[in-house]
Amino acid sequence: MEPLPILTIPDERLKQVSEPVERFDDELRRFVEQLEITRRHGPAAVGIAAPQVGRFQRICIVDCSITRKPVPNHGHLVLINPEITHWEGYEVGREGCLSVPDYTGNVIRATQIRLRAFDEQGEEHEYEMEGFEARAVQHEIDHLDGILFIDRVVSRRTDLFRRKVYK
Amino acid sequence: MNHWYMLTLTGADRPGIVAKVTQALYEHGMNLGEASMLRLGGNFTIMMMVSGELEAEALEEALQPVARSLGLSLHVDEMEGGLHRHLVPNIMVRVSGADRAGIVARVTGVLADAGFNILDLESDVAGSPDKPVYLMQIAGIASVPLETLEAALAPLRKEGIEVNLSPVETLVG
Ligand SMILES: [Zn+2]
């Protein structure tokens with residue numbers, strides 16, 4: 001299977017709000033497979049969302065098991081109609097995006113989230129996440145709502161006041 | 001888009017500097033590249049990549065009137081390089097402590113010896129005039145493990161310089 005072409009800025013379609021998935025069928029599962037191939041094809045992406053390949057449905061994939069420094073994670077996750085039910089804390093972190101080539105910036109995200117989502121079989125799951133994985137999920141869900149990280153980038157100096165102290 | 005120039009403008013801060021300078025550039029058909037604009041100690045500072053048809057001298061002449069009217073000193077350098085050459089940092093260094101001479105040189109000296117490449121450095125003095133607190137954040141690329149840098153910086157901690165290292169994992173999604 002070939003990777004799908006990725007929409008990049010300033011493509012207006014990236015601002016579109018995606019629709020919930022209603023049918024959990026073979027066609028959906030084939031698409032999820034193709035989305036995963038696309039994620040792996042690019043430069044080390046930990047996540048990808050369906051609208052990035054021009055399918056405006058609430059589907060994304062997150063996999064934080066491959067980071068340089070290991071982070072707490074739930075492995076490979078297919079998240080369909082995901083909903084964050086609880087947020088806690090905030091932290092500045094650096095983000096880039098397959099749809100925004102050659103640019104990275106600092107973004108404030110919740111450090112802990114509770115998440116409800118369906119998998120590609122239509123089964124519902126609940127997750128508690130923190131740190132990098134929670135950030136990845138928030139980045140992907142933003143895509144489903146037509147929001148890019150560049151809409152949330154904070155000034156370099158913001159880090160000064162929000163810095164986390166490492167002991 | 002033949003040449004890239006590095007434009008430096010500095011002077012007392014006042015509203016409208018960016019608007020007037022970029023308007024003048026636009027009127028002379030110049031394009032903007034990467035830029036850093038920042039208020040430092042009550043001054044406004046601009047470092048900006050611009051490109052276009054003008055030669056360095058003509059560019060300086062074109063900007064001199066607006067620079068003079070805003071009380072800015074102007075400097076134009078022809079530069080090598082261009083856009084899309086970003087490097088992504090993998091380590092963040094944070095320094096804080098009582099303001100003292102040599103603190104920047106000490107920290108950056110240790111980092112340089114360890115082969116650390118600084119991409120972005122911000123330093124500031126917070127606190128009050130009688131109790132200044134020195135703060136510095138450095139984002140950069142280390143070619144050695146974080147632990148090696150930690151060990152190299154350890155002697156500084158004994159001198160009372162607070163320095164923290166953290167990995168920067170850039171999320172791509
Ligand atoms: Zn993205």
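Note that these values count all heavy atoms, side chains included, but never hydrogens, waters or copies made by symmetry. Below, chains carry the letters A, B, ... as their sequence lines are ordered, and counting in each starts from 1.
Judged as a side-chain contact (heavy atoms from CB on, under 4.5 Å), and not counting sequence neighbours, B/Ala112 has no contacts. A/Phe56 is linked by a ring-ring contact (aromatic ring centres under 6.0 Å, His included) to nothing, counting only residues two or more places apart in sequence or in another chain.
Closest approach of B/Gly173 to A/His139, counting heavy atoms only: O-NE2, 3.1 Å. B/Glu147 and A/Lys69 get closest at one heavy-atom pair: OE2-NZ, 3.6 Å.
A/Val62 and A/Leu98 fall into different hydrophobic clusters, where Ile, Leu, Val, Met, Phe, Trp and Tyr are joined by side-chain heavy atoms under 4.5 Å apart, directly or via other members.
Within the structure, side chain to side chain donor-acceptor pair (under 3.5 Å) contacts touching residues 55-74 of chain B (residues at least two apart or in different chains) are B/Thr10-B/Ser73.
No other option in A/Glu95, A/Arg39, A/Arg68 has as many heavy-atom pairs under 4.5 Å with chain B as A/Arg68. Top candidate by heavy-atom pairs under 4.5 Å with chain A, chosen from B/Val168, B/Leu146, B/Asp120, B/Leu83, is B/Asp120. When each of B/His86, B/Arg85, B/His84, B/Glu169 is checked for heavy-atom pairs under 4.5 Å with chain A, B/Glu169 comes out on top.
With a threshold of 4.5 angstrom between heavy atoms, A/Thr104 approaches chain B through side-chain atoms but not through N, CA, C or O. For A/Ala44, the part lying under 4.5 angstrom from a heavy atom of chain B is the backbone only.
Note that CD of A/Glu140 and CG of B/Leu171 are 7.5 Å apart. Values are rounded to the nearest 0.5 Å.
Using a 4.5 Å heavy-atom cut-off against chain B, no residue of residues 19-32 of chain A qualifies as contacting.
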